[in-house]
Participant: 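Sending over a structure as structure tokens; questions will come in a sec.
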Amino acid sequence: MSTEEGRKTDRRIVRTRAAIQEAFFRLLTTTRYEKITITALANEANIDRKTFYTHYGSIDELLKDRMRAQMNHMFDSASPHDLLSDPVSYTKRLLLASRDALPSSQEDRRLIFENLPESKLVHAWISAGEERITRELEVFPWSATTKSRMGALLDFYLGGIFNAYTSWLKSDSDLSFEELVDLLSEGIVNGLTGMLSRHTMP
């Protein structure tokens with residue numbers, strides 16, 4: 001296969017996967033995750049079942065791939081190295097990129113999160129995030145103790161941000177997205193007790 005043919009094939013793969021993922025999100029605005037079938041997804045993406053299975057072994061695999069792609073999109077604007085040097089700005093960029101990687105309508109995002117089982121969504125998001133952050137931070141001379149605790153620390157960091165964001169989307173809170181971003185970013189730096197002490201009236 002020539003280089004040009006290879007590029008065309010690669011572009012076709014990218015387009016097909018994008019079509020499948022977009023169809024997946026459209027279905028999630030109206031259908032519970034566990035009710036989505038390969039047939040319905042293939043019909044929505046205007047492909048056949050065989051094409052779906054060429055790219056993904058299951059809908060769970062599709063979800064994990066989408067979360068991995070979302071993480072890659074996020075880290076285009078927020079390098080994990082910045083987590084150590086400027087955690088406030090890093091967390092803000094991470095949240096903004098997270099929002100931008102999903103469908104543009106806040107209502108659609110809310111419906112998607114309502115129709116996805118929280119355990120599957122959180123697991124896929126955290127594991128994709130840990131995979132990327134761990135890979136980029138492994139160049140640092142961590143102690144053996146820190147390395148052994150990295151998974152728990154990243155679970156806390158990524159899980160905390162993601163759960164707060166999805167809970168906010170599902171709620172009727174009058175807190176704006178920008179206010180949420182500021183609050184979560186501050187919480188990462190000051191911790192819960194430090195943040196509460198700063199916001200508690202005397």
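Residues take their numbers from the sequence shown, with the count starting at 1. This is a predicted model, so every value here is computed, not measured. Below, each value reflects all heavy atoms present in this structure, side chains not excepted, and no hydrogens, waters or symmetry copies.
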Participant: Counting neighbours of CZ on Arg149 that are heavy atoms of other residues, nucleotides or ligands and sit closer than 6.0 Å, is the number greater than 12?
Facilitator: no
Participant: On a heavy-atom basis, which atom in Asp174 and which in Glu179 lie closest, and how many Å separate them?
Facilitator: O-OE1, 4.1 Å
Participant: In terms of side-chain heavy atoms, does Thr51 have a donor or acceptor partner in Asp48 at a distance below 3.5 Å?
Facilitator: yes
Participant: Evaluate the side-chain proximity of Ile59 to Tyr33: yes if any heavy-atom separation is below 4.5 Å, no if none is.
Facilitator: yes
Participant: Within the 4.5 Å heavy-atom criterion, are Leu62 and Leu41 side-chain neighbours or not?
Facilitator: yes
Participant: Can you tell if the side chain of Tyr165 reaches within under 4.5 Å of the side chain of Arg109, non-hydrogen atoms only?
Facilitator: yes
Participant: State, to 0.1 Å, how close Leu111 and Thr29 come at their nearest heavy-atom pair, and which atoms those are.
Facilitator: CD1-O, 3.6 Å
Participant: For the atom pair OG1 (Thr31) and CD (Glu44), what is the distance rounded to the nearest 0.5 Å?
Facilitator: 8.5 Å
Participant: Where do Glu61 and His55 come nearest, in terms of heavy atoms and distance?
Facilitator: OE2-O, 3.9 Å
Participant: Distance only, no hydrogens: is a donor on one side chain within 3.5 Å (strictly under) of an acceptor on the other, for Tyr56 and Arg66?
Facilitator: no
Participant: Should Tyr53 and Ile38 be marked as a side chain to side chain contact (heavy atoms under 4.5 Å, CB included) after you check the CA-CA gap, both sets of side-chain angles, and the distance that decides it?
Facilitator: CA-CA 9 Å; Tyr53 283 115; Ile38 302 297; 3.4 Å; yes
Participant: How about Phe177: does its CZ atom have over 12 heavy atoms from other parts shown lying under 6.0 Å from it?
Facilitator: yes
Participant: Asp182 and Lys92: side chain to side chain contact (heavy atoms under 4.5 Å, CB included), yes or no, with the steps?
Facilitator: CA-CA 7 Å; Asp182 286 341; Lys92 285 183 178 181; 3.2 Å; yes
Participant: Please evaluate residues Leu63 and Leu116 with respect to the criterion side chain to side chain contact (heavy atoms under 4.5 Å, CB included), reporting the C-alpha separation (whole Å), side-chain torsions for both, the decisive distance (0.1 Å), and the verdict.
Facilitator: CA-CA 10 Å; Leu63 174 61; Leu116 268 167; 4.1 Å; yes
